[in-house]
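Encoded as structure tokens, the structure appears first; notes follow it.
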Amino acid sequence: MILSAFLTLSLAAGPATDAAAALVRDGAARVSDGLAAVSALAAPAREMPVYRPEARSVSNWRSETKAGLLPVSLAWTAWAAPTDPAFVARCVKLNNYWCIKRARWDGEIGGDQEGHTGFATAGQGADAAVSLLRRYYGEYGRRSALAIVRRWAPAECAAPVAARAVGPGRAASPARPASPALAALAPQGIGRTLRARFLASHGRGGAPRRVARAPARPVAAPAARPTAGNALRVQPWSALARMQGRPRQPARAVKAPPLPTIATGIGETARPVAPAAIEPVRALDGARLAAEAAALPTLAVAPASALPPSLRPPAPLCGSDEVRIQNYAAHIAGSVGVKPGDDLGLFTPEGRATERLAPVLLAMSAVELGALRASPALVAAAIARAEAERGAASRQAEAQPASP
């Protein structure tokens, strides 16, 4: 204010004071430059965002939520809360509002164990979403909501993959792990379940198959009972446990009086002698069980098609994933008023984005983030940048001279 008043009085004094007015203007410019420099030094330096593996988040995710997410009340709550609120999805902390997987994107600075990308800013995450949708629609030919979701958020369950024979000179590819549902039902593998072992050792109707047995021991030496390391053990409440310590009483032979010679051929025919009952000690013989286990077919390396129907692994439990995919696709298709199997019309044949791209991106972020969703301004800015890059690339291609 003082400088402005002094400048006014100097101008009113007449042309003789032009030199003084110039000096005043120079002094005011120097003062303003000094104040700007002092303000720049006093302002804290903006640190570069980094990915924190222990927290599975990007360092600046809270500041990005203020302008990049809706509703504003929840976005500002996530920004100001001292701890992570329960409604904040994991992809929000990665500045990745579409849960895109890692693929060396522009602005990618890390990723979690599931492969989701951590972006330096939310705008770079939106740019990756626009680029990925353009690739799905143009290069992969996935133009319906259902086709896009099956690739964007595929089912997490899958049937187990059997090991394949590797030819000479070729490296063995790692086998894919079994599905979570199958791993929960059979932690040791489908070939080690009780039903698989029973079906492998028995034929139709439950008849036992012939297996290689270990050579029999001398009758005089009693077989050792299984120790704690064997697969089977005697339960303390079983009848076999109650029989332990009691010597087996020899069966007393009953001598029938001889038949008179006059009755020869009149009485009943001699019955076949029943085979001796299997002794419990012999039934729990460790060597016999090991021989039977070794004779069982190996299911881990056999393809599922080569196994009998009773031994084939069950179909993966993908019912919940299919419902999730159908609901996801219906939400996307409903944002533009089409069915999940119809063409969304996101891009023209020339590759230009249509007005349907923005609502589809907003609907996808709402499904991925739950209570939060990307703001229209964030999506519109990403689409504008993508269109500017596409136009620049097309003009550059047109400017290049045709090859002879």
Side-chain angles (χ1 to χ4, degrees), residues 89-91 94 96-106 108 111-112 114-117 119 124-161 176-182 315-370 372-374 376 378-380 382-387 389-390 393:
R90 59 180 178 179
C91 291
L94 299 174
N96 184 358
Y97 302 158
W98 287 267
C99 293
I100 301 172
K101 296 299 182 69
R102 303 184 65 175
R104 298 181 180 180
W105 300 103
D106 184 18
E108 179 179 332
D112 58 7
E114 287 76 14
H116 296 101
T117 308
F119 290 98
Q124 291 173 330
D127 294 342
V130 175
S131 176
L132 191 57
L133 267 184
R134 185 189 300 275
R135 188 180 305 172
Y136 278 16
Y137 196 88
E139 297 181 12
Y140 299 155
R142 295 180 175 268
R143 303 191 172 187
S144 65
L146 197 58
I148 291 175
V149 173
R150 290 193 185 281
R151 180 71 181 264
W152 192 285
E156 297 180 357
C157 58
V161 178
R176 285 184 353 193
S179 66
L182 186 57
L317 306 177
C318 297
S320 59
D321 272 353
E322 183 62 26
V323 173
R324 175 186 60 83
I325 290 174
Q326 293 289 343
N327 293 338
Y328 197 161
H331 194 79
I332 294 176
S335 63
V336 292
V338 297
K339 296 181 180 180
D342 297 342
D343 191 342
L344 293 175
L346 301 180
F347 299 92
T348 62
E350 295 78 15
R352 182 175 57 85
T354 65
E355 65 278 0
R356 291 186 173 185
L357 181 58
V360 166
L361 285 171
L362 294 175
M364 293 178 69
S365 69
V367 174
E368 296 287 354
L369 303 183
L372 298 168
R373 63 183 183 275
L378 178 68
V379 173
I383 295 176
R385 288 191 294 269
E387 287 300 302
E389 293 179 2
R390 186 189 65 84

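One is the number of the first residue; the rest follow in order along the sequence.
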Side chains of [X] and [Y], heavy atoms from C-beta outward: is any pair under 4.5 Å?
X	Y	result
D127	D106	no
Y97	L372	no
R373	V367	no
V360	I148	no
N327	R324	no

How far apart are the closest heavy atoms of [X] and [Y], and which atoms are they?
X	Y	answer
A374	S365	N-OG, 3.2 Å
A89	E368	CB-O, 4.3 Å
C91	L369	CB-CD2, 4.1 Å
R356	L346	O-CD2, 3.8 Å
P340	A330	CG-CA, 4.0 Å
A353	E387	N-OE2, 3.1 Å

Exceeds 12 heavy-atom contacts within 6.0 angstrom, atom CZ of R151: yes
Nearest-0.5 Å distance that lies between atom [atom1] in [X] and atom [atom2] in [Y]:
X	Y	atom1	atom2	value
R143	D342	CZ	CG	13.5 Å
R385	S131	CZ	OG	12.5 Å
R390	R134	CZ	CZ	6.5 Å
D112	L94	CG	CG	5.5 Å
R352	I383	CZ	CD1	12.0 Å

Partner of W152 by side-chain contact (heavy atoms from CB on, under 4.5 Å), out of M364, K101, R142: M364
Heavy-atom donor-acceptor pair, [X] side chain to [Y] backbone, under 3.5 Å:
X	Y	value
E108	R102	no
T117	I100	yes
S335	A363	no
S144	D343	no

Listed once per pair and sorted, the ring pair (Phe, Tyr, Trp, His ring centres under 6.0 Å) pairs that draw on residues 328-347, sequence neighbours left out: Y137-F347
